[in-house]
Amino acid sequence: MIRVRTRSPEETKNLAAAMAELAQPGDLLLLVGDLGAGKTTFTQGFAAALGISEPVTSPTFTLAREYHGRLLLHHLDVFRLDQIAEVLDLGLPELLDSDGVILIEWGDAIRQALPNDYLEVALTFIEGQPSPPDERIVVLTPVGPRWQARADDFAAATGQWREGPPC
């Protein structure tokens with residue numbers, strides 16, 4: 001587990017961009033956090049680092065968007081799904097077999113329908129202390145062999161935002 005802190009939306013985008021530099025075909029990232037925690041902001045920074053120049057918005061109502069850059073980016077938002085079976089309607093099994101990268105907002109809601117090989121990116125507001133309103137704690141948790149093997153690379157890439165040593 002890697003714990004980092006961003007102090008603005010721009011820093012959140014920069015953190016995501018640093019991580020996108022390490023992205024590989026087939027990567028799956030679950031973006032977790034309350035409303036307004038920065039999941040779409042993170043995706044915007046990630047997409048920009050992949051060379052995607054078109055605007056990236058939350059696919060809350062469309063559920064899925066596809067962007068073309070250095071790697072194909074599939075951006076999903078499963079907030080509005082009522083049942084886990086609806087994941088199949090998104091074509092998720094096919095996306096998981098693609099050569100793209102998948103970022104899923106509210107991904108923890110469908111975790112049981114996903115392979116056990118992903119990076120969880122949990123964004124939370126800082127509470128209980130005076131801090132700027134845009135300050136976030138971001139916890140990166142590698143799950144599965146693909147991500148465990150790359151944990152040191154991600155720790156190095158996120159070093160400037162780190163709060164402490166990797167757990």
Side-chain angles (χ1 to χ4, degrees), residues 1-60 64-79 100-111 114 117-167:
M1 179 173 23
I2 301 165
R3 181 181 163 102
V4 299
R5 178 188 300 242
T6 63
R7 291 171 172 79
S8 68
E10 195 59 38
E11 273 196 18
T12 300
K13 288 179 183 179
N14 292 340
L15 169 69
M19 294 174 61
E21 293 299 323
L22 300 172
Q24 298 176 1
D27 280 353
L28 173 61
L29 288 84
L30 306 187
L31 306 180
V32 178
D34 291 334
L35 283 170
K39 295 178 293 295
T40 301
T41 299
F42 181 94
T43 302
Q44 291 167 341
F46 198 95
L50 292 179
I52 296 165
S53 57
E54 63 188 283
V56 172
T57 59
S58 179
T60 301
R65 294 184 193 258
E66 183 177 283
Y67 301 96
H68 297 271
R70 174 178 67 84
L71 295 170
L72 183 62
L73 175 64
H74 300 282
H75 180 203
L76 286 70
D77 184 327
V78 298
F79 180 74
V101 176
I102 304 170
L103 274 68
I104 305 176
E105 294 191 29
W106 305 96
D108 53 328
I110 62 167
R111 187 178 285 131
L114 299 171
D117 209 357
Y118 56 84
L119 180 67
E120 182 177 284
V121 180
L123 299 106
T124 57
F125 299 103
I126 296 176
E127 297 180 22
Q129 65 181 28
S131 63
D134 291 325
E135 203 163 351
R136 305 283 186 269
I137 295 295
V138 183
V139 178
L140 309 172
T141 306
V143 175
R146 173 186 192 95
W147 291 98
Q148 290 293 333
R150 297 162 58 200
D152 289 342
D153 295 336
F154 280 96
T158 60
Q160 75 184 71
W161 297 280
R162 182 129 353 96
E163 284 227 301
C167 302

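In this structure, Arg5 contributes its side chain and Glu135 its backbone to no donor-acceptor pair below 3.5 Å. No donor-acceptor distance shorter than 3.5 angstrom exists from the side chain of Arg111 to the backbone of Leu30, with no hydrogens or angles considered. Looking at Arg70, its side chain does come within 3.5 Å of a backbone N or O of Ala20 through a donor-acceptor pair. For the pair Lys39 (side chain) and Trp106 (backbone), a donor-acceptor distance under 3.5 Å is absent.
No side-chain heavy atom of Phe42 sits under 4.5 Å from any side-chain heavy atom of Lys13. A 4.5 Å side-chain heavy-atom check between Gln160 and Asn14 finds every atom pair outside the cut-off. In this structure, Leu15 and Met19 have side chains that are in contact, with non-hydrogen atoms separated by less than 4.5 Å.
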Worksheet item: Where do Val138 and Trp161 land on the side chain to side chain contact (heavy atoms under 4.5 Å, CB included) test, with the steps shown first?
Response: CA-CA 9 Å; Val138 183; Trp161 297 280; over 6 Å; no
Fill in: Intermediate values then yes/no, side chain to side chain contact (heavy atoms under 4.5 Å, CB included), Leu73 and Leu71
CA-CA 6 Å; Leu73 175 64; Leu71 295 170; over 6 Å; no
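Taking the charged nitrogens against the carboxylate oxygens, Asp77 and Arg65 have no contact shorter than 4.0 Å, which rules out a salt bridge.
With sequence neighbours excluded, the residues forming a side-chain contact (heavy atoms from CB on, under 4.5 Å) with Leu72 are Glu66, His68, His74, listed by chain and number. Every side-chain contact (heavy atoms from CB on, under 4.5 Å) that Thr124 has, sequence neighbours left out, goes to Ile137.
Within a 6.0 Å radius of CG in Asp152, other residues, nucleotides and ligands contribute 12 heavy atoms or fewer.
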